[in-house]
2 protein chains.
Amino acid sequence: MLKGAMAETVQLGSITETTDPRILRSRQMLMESLFRLLTRKEFDDISIQEIADEATLNRATFYLHYPDKNALLQAMTATRFRDLIARRGLSFTDCDGALRAIALGVCDYLAETTGCPGQLAKMPLEGSIIAAVEDIFLQGAAHHAIVPGTDPKLLATTAAWAIFGAARRWYQTPDRIPAEEMAAKIEAMVKPIFLTASM
Amino acid sequence: MLKGAMAETVQLGSITETTDPRILRSRQMLMESLFRLLTRKEFDDISIQEIADEATLNRATFYLHYPDKNALLQAMTATRFRDLIARRGLSFTDCDGALRAIALGVCDYLAETTGCPGQLAKMPLEGSIIAAVEDIFLQGAAHHAIVPGTDPKLLATTAAWAIFGAARRWYQTPDRIPAEEMAAKIEAMVKPIFLTASM
DNA sequence: CAAATAAATCGACAAATGTCGTTTAAGCAT
DNA sequence: ATGCTTAAACGACATTTGTCGATTTATTTG
C-alpha cells in the first residue's frame with residue numbers, strides 16, 4: 001500500500017494544518033457521508049464508491065485523503081467524539097469529576113453512534129476514541145503538579161484504554177445499567193491509576 | 001458480507017468444538033502460513049491467495065474457515081499468545097506476582113511477534129490478546145473469594161485493556177526500557193483496579 | 001488580474017475480494 | 001466394508017480495491 005501524497009497532510013501523527021477550503025470540504029463531506037450511510041447499512045457492506053457517491057465526490061478523491069475505509073472511520077470517530085466532548089465543555093482543567101464525565105462521554109458516544117452492539121466488534125474505533133481521551137488527559141496533566149518519577153503519557157494511555165475497554169463491555173452487555181451509573185463504576189476503577197506513586 | 005456456513009464452527013463467541021482433523025489441520029496450516037509470511041512482508045501486503053498458497057490450500061478453503069484476513073490474524077494471535085502464556089505456566093492460580101507475569105507476557109509477545117512497531121498500529125491484535133488476558137483473569141477470579149458488589153468480568157475487561165494499552169505504548173516507544181521493568185510499572189498501575197471496593 | 005500551484009475529475013487498469021455450484025475425497029458410523 | 005456426511009478442490013463470476021496518467025477547475029500568490 002503505497003500511501004501517495006495524500007493531499008499534503010497526514011491523518012495520523014503530526015498533522016500539517018490545512019486551510020485549503022477544498023480539502024476541508026472534501027474530508028468533511030466524506031465523513032458525513034459515511035455517517036449517513038452507517039445509519040442504513042453495516043460498515044462492512046459500504047463500499048468506497050458508495051461513500052464517494054454519497055459525498056458527490058469522485059472515488060479517486062477519496063484516496064487523496066484516506067488510505068482506506070478504516071482510516072475514514074477512524075477520522076470520523078475522532079472528530080465526532082471530540083465534538084461531543086467539546087459540546088460538554090470537558091477539558092480536565094475543571095478537574096472535579098472530570099474523570100467520570102469523560103467516562104460518561106465515551107459511554108454516550110458508543111450508545112448514540114454505533115448501531116448494533118454486535119457490530120461494534122468489527123469497527124476499529126479504539127484508536128480514535130482512545131487517542132482523544134488520551135489527549136484530554138495529557139492536556140489536564142499540564143495543569144497539574146507533575147509527580148517526579150511518573151510518566152504522564154503512560155498514565156494517560158493506560159487510563160484511556162481502561163476506560164474504553166470498560167465502556168465497550170458495558171455497551172455490548174444485553175441489558176445495560178444507565179450510562180451514569182456505569183460512568184461512576186469506571187471512575188472508581190480508573191481513578192487509582194493516577195494515584196500510582198513511585199514509578 | 002454473507003458469512004456462510006464456515007465449516008460448522010464459528011471463530012468468535014461460542015465455539016462449537018471440532019474434532020475433525022481436516023478442520024484442525026486446515027486452520028493450523030493457515031495460521032502458520034500467515035505467521036511465516038509476516039516474517040517476510042507486512043500484513044497489508046499479504047493477499048489471501050498468498051496465504052492459501054503458502055498453506056497449500058485452495059483459496060476457497062480459506063473462506064470456509066475465516067471471513068477475512070483480520071479474522072485469521074485474530075485467531076493466530078490468540079493461539080500464539082495463549083501458547084506463550086501456557087509455556088510459562090501462568091494461570092493466576094499461583095496468584096503471587098501473576099499480574100506482573102501477565103504484563104510481561106504481553107510485552108514479550110508484542111516484541112517477539114510484531115515486526116515493526118509502526119506496523120502494530122494497523123494490526124487488530126487487540127481483540128485476541130485482550131480476550132486471552134481477560135480469560136486468565138476470569139479463571140483466577142474463580143479461585144478467589146468474590147467481593148459481593150463487584151463484577152469480576154468488568155474488572156477483568158478493564159484490567160486487560162489497561163495492560164494491553166500500556167504494553168502497546170511501551171512497544172511503540174523508540175528506545176524501550178527492559179520488558180521486566182515495564183511489567184513492574186504496569187503491575188503498579190493496574191493492581192489497584194482489582195482492589196476497587198463498593199461497586 | 002494573471003500565473004503558478006495544487007486539488008478534483010475522469011477513464012482505465014491489474015489485482016484482490018467474496019461468493020457459487022459442482023466435483024472429489026477424506027472421515028465417521030453402522 | 002459400505003454408505004452417509006461433510007471438508008477441500010476447482011473454476012468461474014461480478015464486484016471492489018488501489019493506483020495511474022492526463023485533464024479540468026478552484027485557490028492562492030505575486
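Here is how names work: the chains are called A, B, and so on, in the same order as the sequence lines, proteins then strands, and each is numbered from 1.
- Considering only side-chain N and O atoms, A:Ser26 lies under 4.0 angstrom from the phosphate OP1 or OP2 of C:dA8.
- The CD1-P distance, from B:Ile48 to D:dT17, rounds to 13 Å in whole Å.
- Between A:Tyr63 and D:dG18 there is a side-chain polar atom (N or O) within less than 4.0 angstrom of OP1 or OP2.
- For the ring pair (Phe, Tyr, Trp, His ring centres under 6.0 Å) test, residues two or more places apart in sequence or in another chain that qualify with A:Trp161 are B:Trp161, B:Phe164.
- With rounding to whole Å, B:Ile46 atom CD1 is found 18 Å from C:dA15 atom P.
- Spacing between atom CG of A:Asp20 and atom P of D:dT25 amounts to 18 Å, rounded to whole angstrom units.
- Residue-environment remark: NZ (B:Lys41) exceeds the threshold of 12 foreign heavy atoms within 6.0 Å.
- Rounding to whole angstrom units, CG of residue A:Leu37 and C1' of D:dT16 are separated by 16 Å.
- Atom-to-atom, CZ of A:Arg25 to P of D:dT25 comes out at 16 Å; the value is rounded to the nearest Å.
- Judged by distance alone with a 3.5 Å cut-off, a donor-acceptor contact links the side chain of B:Arg22 to the base of C:dA26.
- Note on A:Arg82 versus A:Asp135: salt bridge recorded, some NZ/NE/NH1/NH2 to OD/OE distance being below 4.0 Å.
- As a whole-Å value, the separation of B:Leu64 CG from D:dA7 C1' is 7 Å.
- Between the side chains of A:Asp53 and A:Gln49, at least one donor N or O lies within less than 3.5 Å of an accepting N or O.
- In the region residues 52-62 of chain B, proximity to DNA chain D at under 4.0 angstrom, judged on heavy atoms, holds for B:Thr56, B:Leu57, B:Asn58, B:Arg59, B:Ala60, B:Thr61.
- Salt-bridge check for B:Arg88 with B:Asp108: passed, with a basic side-chain N closer than 4.0 Å to an acidic carboxylate O.
- By the 4.0 Å N-to-carboxylate-O rule, B:Glu50 lies too far from B:Arg40 to be salt-bridged with it.
- Contact check on A:Glu126 versus B:Arg168 returns no salt bridge, with no Lys/Arg side-chain nitrogen under 4.0 Å from an Asp/Glu carboxylate oxygen.
- B:Lys191 NZ: 12 or fewer foreign heavy atoms inside a 6.0 Å radius.
- Distance B:Asp45 CG to D:dT19 C1': 14 Å, rounded to the nearest Å.
- When the side-chain nitrogen and oxygen atoms of B:His65 are compared with OP1 and OP2 of D:dA7, none of them lie within a distance under 4.0 Å.
- The interatomic distance linking A:Ile23 (CD1) with C:dA7 (C1') rounds to 7 Å, in whole Å.
- For A:Pro21, the side-chain atoms get nearest to D:dT27 when compared with the rest of D:dT27, C:dA7, D:dG18.
- Proximity of B:Ile102 to B:Phe137: side-chain heavy atoms (C-beta onward) are separated by under 4.5 Å at one or more points.
- One end of the helix from C:dC1-D:dG30 to C:dT30-D:dA1 points its axis 40° away from the other end's axis, with each axis taken from 5 pairs and the angle rounded to 10°.
- Neither OP1 nor OP2 of D:dT15 sits under 4.0 Å from any side-chain N or O of A:Ser47.
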